[in-house]
> 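Quick one: this structure, given as structure tokens, is what I'll be asking you about.
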There are 2 protein chains.
Amino acid sequence: MAAIGRLAGVSQVTVSRALSDPSKVSTDTLRRIHEAIEQTGFVPNALAGALVSRKSRLIGALVPSITSIVYSAMVQAFGERMRARGYQILLSETGTALEDEERAIMLHLSRRPDAMMLTGIHHSPKARKILLGAGIPVVELWDITESPIDLCVGFSHGAAGLAAADFAADTGHDRAALVHAGDERALRRKDAFAERFRQRTGGNVVEINLNAPASLGQGRLALSRLIGEFGFEKGLIFCSSDLLAHGVVTEAQTRGLRIPQQLAVMGFGDQEFAAHVEPALTTLSVDREALGWRAAEALLSRIEGGQADRSIIDLGFSLVRRKSA
Amino acid sequence: MAAIGRLAGVSQVTVSRALSDPSKVSTDTLRRIHEAIEQTGFVPNALAGALVSRKSRLIGALVPSITSIVYSAMVQAFGERMRARGYQILLSETGTALEDEERAIMLHLSRRPDAMMLTGIHHSPKARKILLGAGIPVVELWDITESPIDLCVGFSHGAAGLAAADFAADTGHDRAALVHAGDERALRRKDAFAERFRQRTGGNVVEINLNAPASLGQGRLALSRLIGEFGFEKGLIFCSSDLLAHGVVTEAQTRGLRIPQQLAVMGFGDQEFAAHVEPALTTLSVDREALGWRAAEALLSRIEGGQADRSIIDLGFSLVRRKSA
DNA sequence: TTGTAAGCGTTATCAT
DNA sequence: ATGATAACGCTTACAA
């Protein structure tokens, strides 16, 4: 900046002002400063700015995985909103291990973000403590709790499981299978499903825990195992994601099983392809864009406004009935 | 750090040393320093560290979209490798507009990243200039060129299109259709395909430009349009992504068209589901993990070693023949 | 093994 | 409208 100042015949401070608040600088010097910037290819150092102003315009974001559309669509909406307001996203994948998340949180906090976004409400005690101590807005996504670190935006996974179980019971099924990838929130949905379904129908519930990232192939495998291990060829299958459901449907068709008459299949997430699969998937719809968008809004109002928004935001879900169940 | 020093009975510098190079500090003071850190919940300020050391341990990454598995799988591999070596990823989505990418590059550079990763080899002249001026390693991904900004890791999209056309001709097709989402690299593949296919077979090539993000629904729509607008019910369809190919296959099955006898379908990317779709997709396979991984390695050796790796890295592609063509 | 001093490139504060 | 000066919280010499 000092060099730009010399070129433009002003001091370093004036250059700083020209960039951060042009209204405080005369149009003539403004022009000379921009010319000098153009010539030199000067790019201001945001590290120095953040250090002294204590505002980094950086938002830390932690997701289990970036390749799952479930998270990436949410991060996309979140990031878009944040970028529009002049913030950048420092993104890390944490996997599912709490200690990895804790480490990532420390790393993020060392960059002094203006706010943090976390996935889920399940964190290590130390992570909570450090986050609280950081004194910045924090939003937890995808789930709700009575005691968020600061803010949370999501929906009740227990309620989602109950809704799926009620649908299964209402549509006359007395056998059900649960197929999931083993993540914490999916487990809560399936536990709620199992309890409610047994309660209402007295029927049997079997379960396949794939313990692997959800994929079409894993979905096909799940149905094969369901048939091989449990002789499950009639009933409703509740999958922890649409991708798994799509795999189950594909495998069922290959085997000549009729959907939904013989096998009813429910997914979760209402991803783009859900409506276009043949037969179209019945699923629990979650608005992932709204999730990211609302989280961004809530953080922004905390960062800039003071507080405003309430701290527990339940976005709910809806059951979309299509052809597969 | 000064406060930690006071608690541990040492100076601020010793605390700094304890954190950056523990071997330079006696085990006893090291212990006292860590106790003090534990008590206070101190998190070092990486902004200050980066400012003076001129090393941010930050890598800027620019992708068109994070929700496309094509890019997210690559970024995942890239980020994993970088994190393992102590770097964090500043990620931005740039869409397809060059001016947006340019703006994002400026923003990233202001944070003084130790290196930058860009998608594609097509950038604005100003972007090139600024990047060059930044004096940091830059890697361009997904494509190769004789004149990269610094490094490039990818493969020839022209060659990929030729390979697909040769396959189509070799398997006896004399009509072909191209379905694509309109992105720059897909256009280069389809242009190469069209030219080679016409040259070899003299046959007709029709084209659908969806001008929308690739999706299952768009793939179904594409086949509907192909049939409606061109009466295309026999021949080979080369799609710019597996997702579109999957949509075409789904629509074909719904309409009772036989694959591959009547309609042969080729995808691009060899995504996870490609092998599990029914019928399994014939596609051009690109190793997205290797792409990210090699890009990270190349940058790392430039950052830390000096130079080492050669600057144009062609990872190639392969044609995977399955059932759909 | 530890400490002192200088300075990284900005913004904030107070003058002019 | 502009400038001088003092931080911000670290790392890097250099010294003890």
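Quick note on labels: first sequence line is chain A, next is B, and so on, each numbered from 1.
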> Going through the checks in order, is the side-chain contact (heavy atoms from CB on, under 4.5 Å) test met by A/Thr96 and A/Glu184?
CA-CA 8 Å; A/Thr96 52; A/Glu184 195 247 334; over 6 Å; no
> Checking side chain to side chain contact (heavy atoms under 4.5 Å, CB included) between A/Arg294 and each of A/Ile313, A/Asp287, A/Val139, which is the one that passes?
A/Ile313
> Side chains of B/His108 and B/Ser92, heavy atoms from C-beta outward: is any pair under 4.5 Å?
yes
> How many Å lie between CZ on A/Arg32 and C1' on D/dT2, as a whole number?
11 Å
> I need the CG-C1' distance between B/Leu47 and C/dC8, as an integer number of Å.
13 Å
> Which whole-number value in Å describes the distance from A/Leu30 CG to D/dT2 P?
9 Å
> Does B/Thr29 put a side-chain nitrogen or oxygen below 4.0 Å from OP1 or OP2 of C/dT2?
yes
> Would you give a per-nucleotide map of nucleotides 11-16 of chain D, 5' to 3', where B means the base has a protein non-hydrogen atom under 4.0 Å away, S means only the sugar-phosphate does, and - means neither?
BB----
> How many Å lie between CG on B/Asp21 and P on C/dT1, as a whole number?
10 Å
> B/His157 vs B/Trp142 aromatic rings, parallel, tilted or perpendicular, using cut-offs 30° and 60°?
tilted
> Expressed in angstrom and rounded to an integer, what is the separation of B/Leu51 atom CG from C/dC8 atom P?
9 Å
> Can you tell me the distance, in whole Å, between the NZ atom of A/Lys24 and the C1' atom of C/dC14?
12 Å
> Under 4.0 Å between a side-chain nitrogen and a carboxylate oxygen: does that hold for B/Arg31 and B/Glu35?
yes
> Kindly say if A/Thr14 contacts the phosphate of D/dG3, meaning a side-chain N or O under 4.0 Å from OP1 or OP2.
yes
> Would you kindly give the CG-to-P distance between B/Asp28 and C/dT2, to the nearest whole Å?
8 Å
> Provide, to the nearest angstrom, the distance between the CD1 atom belonging to A/Ile4 and the P atom belonging to C/dT11.
13 Å
> Could you check B/Asn45, B/Leu19, B/Thr14 and say which one makes a side chain to side chain contact (heavy atoms under 4.5 Å, CB included) with B/Met1?
B/Leu19
